[in-house]
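Here's the structure, in structure tokens; my notes come after.
Chain identifiers are assigned alphabetically (A, B, ...) following the order of the sequence lines, protein sequences preceding nucleic acid strands; residue numbering begins at 1 within each chain. For the numbers below, each heavy atom of this structure counts, side chains included, while hydrogens, waters and symmetry mates do not.
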2 protein chains.
Amino acid sequence: MSSATADRPKAAQRIHSAAKDLFHRQGIRATGIEEVCRVAEATKMSLYRSYPSKDALVAAILEEDAAAYDAWFAEATALATAPAEKLRAVIAAIADKLEKPDFCGCPLLLAQAEFRDPGHPTFRLVAAYKSRIRDQLAGLAREAGAADPVLLGDTLAMLIDGAWCSLPYMGGPQAATVLRQSTAAIMDVLGKPA
Amino acid sequence: MSSATADRPKAAQRIHSAAKDLFHRQGIRATGIEEVCRVAEATKMSLYRSYPSKDALVAAILEEDAAAYDAWFAEATALATAPAEKLRAVIAAIADKLEKPDFCGCPLLLAQAEFRDPGHPTFRLVAAYKSRIRDQLAGLAREAGAADPVLLGDTLAMLIDGAWCSLPYMGGPQAATVLRQSTAAIMDVLGKPA
DNA sequence: TCTTGATGATACCGACCGGTCACTTACTAT
DNA sequence: ATAGTAAGTGACCGGTCGGTATCATCAAGA
């Protein structure tokens with residue numbers, strides 16, 4: 001067992017990844033810290049040595065999620081040069097995500113539904129993240145020369161959030177297909193100059 | 001106080017409406033039954049005399065929500081005659097809903113985010129409701145002569161769900177405007193025969 | 001007037017939750 | 001060998017949760 005324990009990630013890391021997975025799949029309120037520790041094969045004391053509270057653990061995970069999405073957005077847009085192509089690349093990347101079998105929706109959007117108080121840190125974090133995405137989409141739409149860049153950007157934002165939500169009743173493949181085709185159609189109409 | 005108590009709704013009714021409001025605004029898991037009873041000015045015993053459990057109360061409210069949405073859908077579409085006009089009427093009615101100041105999103109969609117287990121009654125109820133809406137939209141799209149009715153219907157379904165989600169970071173008025181304009185554009189493109 | 005059904009008041013239960021405690025184990029760097 | 005540090009163990013705390021039991025109140029109808 002010595003070799004197994006040697007390669008084993010640190011307790012804090014195990015707790016972090018277990019919590020991320022459980023919070024995402026089951027929901028944050030539905031997941032107790034004892035379950036997190038059991039799945040992480042760690043103890044509560046290890047959790048509380050790394051994070052001062054469950055809320056702090058939640059915040060750390062959601063901040064990481066938001067940062068990962070920012071990086072992923074930058075990466076997806078970096079592959080293209082023209083602004084319109086950047087928008088298409090973002091949509092394509094989201095559609096690919098939707099098709100992954102075990103994907104169950106945007107973690108940040110789900111989290112916001114669990115913490116609906118506008119003053120709650122989680123709510124604010126998600127709102128800030130979504131606003132950032134919204135601004136980026138509108139910026140690309142403006143660079144692409146859309147007649148009404150805010151309208152195009154907000155429409156894409158709506159379709160993206162709608163795609164996350166449609167996952168449970170539409171299924172990943174169909175959600176991906178609809179997102180791809182509807183955004184293509186929308187960009188044909190709203191992407192042109194006035 | 002006698003006149004006040006005389007006109008007062010029955011305890012079961014007060015509990016029902018208080019729970020509906022709190023579950024919608026704060027979330028189901030975030031609302032305890034004691035808070036429901038306090039707001040309803042009733043006692044726990046009155047609650048449990050009318051409903052066998054909190055889950056049953058939740059189910060009753062969500063079923064009522066779903067039924068109300070069905071009736072509201074029928075009413076919105078009844079005003080128009082042509083299928084394309086029916087679709088426009090549904091979108092218009094949703095946009096109006098979005099603009100109401102105290103509206104905070106589709107109760108069923110929010111509830112599903114709280115109960116993510118596919119086997120949970122709440123999850124299933126919402127999935128069934130969303131599928132029904134999806135079918136109705138596709139049906140109207142087919143009657144309207146769309147080249148790909150499923151694509152049009154699913155696109156509209158996505159935009160609608162996206163509109164609910166965009167409420168926190170976009171605001172009701174802007175969400176309504178975007179929904180109106182984007183659906184008009186989409187129906188121009190996808191609403192025509194092949 | 002007497003009954004009856006609905007409601008209120010309140011104390012209580014067991015279970016679970018987030019979080020803390022004192023103490024032990026095991027690895028590792030010097 | 002030793003000391004420092006990360007991690008584990010299991011009991012425990014106060015609070016809250018969903019849910020129940022008992023008894024009192026009170027209005028309306030026979």
Side-chain angles (χ1 to χ4, degrees), chain A residues 1-62 111 114-117 120-122, chain B residues 1-62 111 114-117 120-122:
Chain A
M1 198 183 282
S2 60
S3 67
T5 54
D7 300 357
R8 206 182 185 196
K10 302 253 177 213
Q13 182 54 44
R14 296 200 313 269
I15 288 166
H16 183 97
S17 62
K20 191 167 180 172
D21 180 56
L22 289 171
F23 287 165
H24 187 196
R25 287 209 336 266
Q26 306 184 350
I28 296 168
R29 289 196 129 107
T31 304
I33 53 166
E34 259 161 338
E35 186 179 5
V36 169
C37 293
R38 204 177 56 240
V39 171
E41 289 177 299
T43 60
K44 276 207 274 190
M45 274 319 295
S46 292
L47 193 161
Y48 282 103
R49 268 189 278 258
S50 307
Y51 304 93
S53 66
K54 181 186 181 180
D55 280 352
L57 173 60
V58 170
I61 288 173
L62 292 180
E114 293 197 74
F115 299 92
R116 251 168 268 182
D117 175 5
H120 193 286
T122 296
Chain B
M1 198 182 285
S2 61
S3 66
T5 55
D7 300 357
R8 206 183 187 197
K10 301 261 178 203
Q13 182 54 43
R14 298 199 311 271
I15 288 167
H16 182 98
S17 62
K20 190 167 180 171
D21 181 55
L22 290 171
F23 288 165
H24 187 196
R25 287 207 338 265
Q26 306 183 349
I28 296 169
R29 289 195 128 109
T31 305
I33 53 166
E34 256 161 340
E35 186 179 7
V36 169
C37 293
R38 204 177 54 240
V39 171
E41 291 177 301
T43 59
K44 277 207 276 188
M45 276 318 295
S46 291
L47 194 160
Y48 283 102
R49 270 188 278 256
S50 307
Y51 302 93
S53 66
K54 181 186 182 181
D55 280 352
L57 174 60
V58 170
I61 288 174
L62 291 180
E114 292 197 74
F115 299 93
R116 252 168 267 182
D117 175 6
H120 193 285
T122 296

Estimate the overall bend of the helix from C:dT1-D:dA30 to C:dT30-D:dA1 from the end axes over five pairs each, rounded to 10 degrees.
0°

Return the set of residues passing salt bridge (Lys or Arg N to Asp or Glu O under 4.0 Å) with [X] (not counting sequence neighbours), or none when no residue passes.
{"X": "B:Arg29", "result": "none"}
{"X": "B:Lys20", "result": "B:Glu64, B:Asp65"}
{"X": "A:Asp21", "result": "A:Arg25"}

Interatomic distance where [atom1] belongs to [X] and [atom2] belongs to [N] [whole Å]:
{"X": "B:Tyr51", "N": "C:dA6", "atom1": "OH", "atom2": "P", "answer": "15 Å"}
{"X": "B:Leu22", "N": "D:dC17", "atom1": "CG", "atom2": "P", "answer": "13 Å"}
{"X": "B:Glu41", "N": "C:dA9", "atom1": "CD", "atom2": "C1'", "answer": "15 Å"}
{"X": "B:Arg38", "N": "C:dA9", "atom1": "CZ", "atom2": "C1'", "answer": "16 Å"}
{"X": "A:Leu47", "N": "C:dC17", "atom1": "CG", "atom2": "C1'", "answer": "13 Å"}

With sequence neighbours left out, write down each residue that passes side chain to side chain donor-acceptor pair (under 3.5 Å) with B:Tyr48, or none if nothing qualifies.
none

My understanding is that only residues two or more places apart in sequence, or in another chain, count here; which of them pass side chain to side chain donor-acceptor pair (under 3.5 Å) with A:Ser46?
A:Thr43

Can you check whether B:Ser46 has a side-chain N or O nearer than 4.0 Å to OP1 or OP2 of C:dG8?
yes

Apply side chain to side chain contact (heavy atoms under 4.5 Å, CB included) to A:Ser17 and list each qualifying residue two or more places apart in sequence or on a separate chain.
A:Gln13

Separation of B:Ile28 CD1 from B:Leu57 CG (nearest 0.5 Å):
9.0 Å

Could you list, one pair per line, each protein nitrogen or oxygen that sits under 3.5 Å from a nitrogen or oxygen of nucleotides 18-23 of chain C, together with the distance?
from   : atom 1 : to      : atom 2 : distance (Å)
C:dG18 : OP1    : A:Lys54 : NZ     : 2.8
C:dG18 : OP2    : A:Ile33 : N      : 2.9
C:dG19 : OP2    : A:Tyr48 : OH     : 2.7
C:dG19 : OP2    : A:Lys54 : N      : 2.6
C:dG19 : O5'    : A:Tyr48 : OH     : 3.3
C:dG19 : N7     : A:Lys44 : NZ     : 2.9
C:dG19 : O6     : A:Lys44 : NZ     : 2.3

Please set out all donor-acceptor pairs under 3.5 angstrom arising from side-chain atoms of residues 31-38 of chain B, sequence neighbours excluded.
from    : atom 1 : to      : atom 2 : distance (Å)
B:Thr31 : OG1    : B:Gln26 : OE1    : 3.2
B:Thr31 : OG1    : B:Gly27 : O      : 2.7
B:Glu35 : OE2    : B:Gln26 : NE2    : 3.2

